[in-house]
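Contents: one structure, followed by commentary.
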2 protein chains.
Amino acid sequence: MTTSKVSKPRRVTAKQVAKAAGVSRSAVSRAFTPGSPLDEDKKKKILQVSEQLGYRPNALAAGLQSTGRSNLVAIVTGDLVNHYDSEILAKLMQGLHGMGKWPVVLGGSSETTEAEILEVLAYPLDALILRGGSVDESVAIHCAKLNIPLIVSGRVMQADRVDCVCCDNARGADLAVAQLINHGKTRLAYLGGQEHLSSDQERMAGFENALARAGLKPAIIEHSDYSYEGGYRSITRILNGNGSVDGLFCANDAMALGALTAARQEFGLNIPTDLSVVGFDDIAIAQWPSIQLSTVRNDMDQTVSEILRLLSERLDQPAKPGETVFITPEFVSRGTH
Amino acid sequence: MTTSKVSKPRRVTAKQVAKAAGVSRSAVSRAFTPGSPLDEDKKKKILQVSEQLGYRPNALAAGLQSTGRSNLVAIVTGDLVNHYDSEILAKLMQGLHGMGKWPVVLGGSSETTEAEILEVLAYPLDALILRGGSVDESVAIHCAKLNIPLIVSGRVMQADRVDCVCCDNARGADLAVAQLINHGKTRLAYLGGQEHLSSDQERMAGFENALARAGLKPAIIEHSDYSYEGGYRSITRILNGNGSVDGLFCANDAMALGALTAARQEFGLNIPTDLSVVGFDDIAIAQWPSIQLSTVRNDMDQTVSEILRLLSERLDQPAKPGETVFITPEFVSRGTH
DNA sequence: AAATATAGTGAACACGTGTTCACCTAACGG
DNA sequence: CCGTTAGGTGAACACGTGTTCACTATATTT
């Protein structure tokens, strides 16, 4: 006994509509192409028959045309559990839809492999949007060979015709350190994400430089994984250690939230009296009344609108030189510092 | 001065590779089709030239074949701000990738219009996955006409060959009410989401039935929008009102979190002594140590794996009758009831 | 040595579109 | 009445693939 694998039923084609309506296939195509010369009555008839048969022009076949685009844009997103990527993905998808593009989404959990990206490049994408920094730069080479525009967000990539939108991480770290010092904190710790990500590297370097300019040294530098649970574990390790700490700068909000909770519940600390905590990103949860996390805003609306602008310009002028836009962060003062 | 609209650069084709490698175009196609008869040396040569020119077979053109599929699967997701949809989307995308499918994602913010879905149906999708209940049932008719398999999750849809995966909402409400009553609460309120969603209707009906069986009447029934802020505002209205309430059943976790915060901060209530709060879904935040929300688990792993199973079976047997799977919810006892 | 099987090959077809091209008809102006 | 213009029309082509179909050259069996 074998499973009878039924042949895939196919969708109605323009040819079938033409036959049913008693017109040529060309006429059917014209009926769906605004501005094409076609008798009004005939057009009405064709649309009616199409409606009845359930015909819709196949967008893929249309995109095969020399003039046509696929209108597909791939988005490689970071881990959706971190909330920041989740929120920015939603805004980005909405914006793309406004441009008539459809997002093919990759990633969203742990690491996205380069192989996965290479697979999706088999499609004639209008563009590839790379969010986050966990992917090798060789992707740029492949995109270039395939003439697929590449837009990178969350890191800077030096390559021809590659556009970048990135937060000024050094400045963000400056702001955080300055605020902590202003509040009288001197024994400052840094809690980072995955060390190989440029966002972590830049925020850490910014932290160290800002401290140095103030004549201070880092109390401790710890690394985690940008997650709530990671932040919870890391602050536990830090507070169980020897050195004393009175200020904590976290490389993203999710870790800051975990750290906040552990410091209060596991160690009974008062925030911000005993310990100041500052996050990075300003996700929606940070402004919940029960949370009120002080943080560095990594503006999502600005980021998305810059990505969309660069995409639009790139589609118009495929050969123009690459552009790098820095988003200026802003300190959001709430209750934890 | 006009913007010079450069002609879109095209990607390398099999024809160009064939010319460069001195072979026929057929040979190039065979080089990328495992199992095709082709001289080993020639294959190596072709792959080398392809690598050099940056050639990759165009997946869309391949999908045009009578035998081929596009490997694109559209996902219509609910509002990503509610966290539940965000988490399930991540799992779903990962699962689809495991099946060799690529997700084209729609929605993610406020309401997804039917028009938007009709637009994406222009693509020859392998399937359409509809999450959440804010879309008209006529979508099923369009999918049927286009021979695009439809899988619905989060609601039940009665239509030929449509598969559904849905939580047993009545049972979930039963569990919540039983727990609240067990803890001595008798003046129970229901806080729902958008009233036109079947998830809200079923959870509310379940709430009312369970109360009736216990010989109780609802203290109050309030509706909001499934968001944190909405929950915050609604509980404020409820507690400012006349009737007294000692137990609150929320139709999702996001609203429960908002309600929890407002009850504590705005009204100084002790949870669960003064007021019990029970959510629905069991999102990741619900188990944060600082939250510990009692809730009804709407199991995401089960839901996703059922969706994937139904999809897989549907692709094998396009004409088999539609199947509806109910996910059995489970009460998760934490600190808020 | 003859007959047969096997691996390899390129031309041709099919997939479903949008668009160009040549052609036809009818309307219009002189 | 003729010349021009305009709108409408279907055949044919192009897009980039995978696959079938004859056909050849080599290897294997009788």
Side-chain angles (χ1 to χ4, degrees), chain A residues 7-46 50 53-72 121-126 146-148, chain B residues 7-46 50 53-72 121-126 146-148:
Chain A
S7 75
K8 182 188 165 200
R10 305 196 62 79
R11 72 154 63 189
V12 178
T13 86
K15 197 174 173 182
Q16 299 173 32
V17 174
K19 191 176 176 187
V23 299
S24 75
R25 196 189 59 74
S26 302
V28 177
S29 181
R30 280 190 257 264
F32 286 91
T33 307
S36 288
L38 183 62
D39 181 74
E40 201 56 39
D41 288 349
K42 188 181 277 192
K43 178 172 183 176
K44 196 177 293 181
K45 166 80 175 175
I46 291 174
S50 297
L53 265 57
Y55 168 75
R56 312 215 49 200
N58 183 326
L60 290 202
L64 216 52
Q65 229 75 229
S66 35
T67 161
R69 297 192 201 268
S70 70
N71 286 327
L72 296 177
L121 288 181
Y123 292 83
L125 304 169
D126 283 2
L146 292 165
N147 281 321
I148 295 178
Chain B
S7 74
K8 182 187 164 200
R10 304 196 64 79
R11 71 154 66 190
V12 178
T13 87
K15 197 174 173 182
Q16 300 174 32
V17 173
K19 191 176 176 186
V23 300
S24 74
R25 196 190 58 75
S26 303
V28 177
S29 180
R30 280 190 257 263
F32 286 90
T33 308
S36 288
L38 182 62
D39 182 73
E40 201 57 39
D41 288 348
K42 187 180 279 191
K43 178 173 183 175
K44 196 177 293 180
K45 166 80 174 174
I46 291 174
S50 297
L53 266 57
Y55 169 75
R56 311 215 50 201
N58 183 326
L60 290 200
L64 216 52
Q65 228 75 229
S66 34
T67 161
R69 297 192 201 269
S70 71
N71 287 325
L72 296 177
L121 287 180
Y123 292 82
L125 304 168
D126 283 1
L146 293 165
N147 281 318
I148 294 178

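Below, chains carry the letters A, B, ... as their sequence lines are ordered, and counting in each starts from 1.
As rounded to whole Å, 13 Å separates atom C1' of dC15(D) from atom CZ of Arg11(B). dT20(C) atom C1' lies 11 Å from atom CD of Gln65(A), rounded to whole Å. What separates OH of Tyr123(A) from C1' of dT17(D) is a distance of 13 Å, to the nearest Å. In this structure, Asn58(B) places its CG atom 9 Å from P of dG18(D), rounding to the nearest Å. Atom CZ in Arg69(A) sits roughly 15 Å away from atom P in dG16(D) (whole-Å rounding). Gln16(B) places its CD atom 13 Å from the C1' atom of dC15(D), with the value rounded to the nearest Å.
The two residues Arg56(A) and Arg11(A) make their nearest non-hydrogen contact at O-NH1, 3.3 Å. Residues Leu53(B) and Gln16(B) come closest through the heavy atom pair CD2-O, 4.4 Å. Taking both residues in full, the closest heavy atoms of Leu60(A) and Asn58(A) are given as N-OD1, 2.8 Å, listed atom of the first, atom of the second, then distance.
Backbone-only engagement by Thr33(A) is indicated by non-hydrogen atom pairs under 4.0 Å involving sugar-phosphate atoms exclusively. Contact annotation for Lys15(A): no contact, since no heavy-atom pair falls under 4.0 Å across all strands. In this structure, Leu60(B) reaches neither bases nor backbone, as no heavy-atom distance under 4.0 Å exists between it and the strands shown. Using a 4.0 Å heavy-atom criterion, one finds that Thr13(A) contacts the sugar-phosphate atoms exclusively.
Proximity note for Asp39(B) (side chain, C-beta onward) versus dT17(C), dG18(C), dG8(C): the nearest is dG8(C). Taking only side-chain atoms of Leu64(B), from C-beta outward, the nucleotide of dC15(C), dG10(D), dT17(C) with the closest atom is dC15(C). In the set dG18(D), dG16(C), dA11(D), dG16(C) carries the atom at the smallest distance from any side-chain atom of Ala61(A). Comparing dT17(D), dG10(D), dG18(C) by their nearest atom to the side chain of Ser29(A) picks out dG18(C). With distances taken from any side-chain atom of Pro57(B) to the nucleotides dG10(D), dG18(D), dT17(C), the minimum falls on dG18(D).
Looking only at side-chain heavy atoms (C-beta outward), Ser70(A) and Asp126(A) come within less than 4.5 Å of each other.
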Point to revise | CA sep, side-chain torsions, deciding dist, call: Lys42(A), Ile46(A), side chain to side chain contact (heavy atoms under 4.5 Å, CB included) | key: CA-CA 6 Å; Lys42(A) 188 181 277 192; Ile46(A) 291 174; 4.1 Å; yes
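A donor N or O paired with an acceptor N or O is not found under 3.5 Å between the base of dA11(D) and the side-chain atoms of Ser24(A). Arg30(A) contributes a side-chain N or O that forms a donor-acceptor pair with the base of dG10(D) under 3.5 Å. A donor and an acceptor atom sit less than 3.5 Å apart, one in the side chain of Arg25(A) and one in the base of dG18(C).
With DNA chain D read from its 5' end, the first of the two nearest nucleotides for Leu38(A) and Phe32(B) is the one closest to Leu38(A).
Regarding contacts with the backbone of dG10(C), a side-chain N or O of Lys42(B) is found under 4.0 angstrom from either OP1 or OP2.
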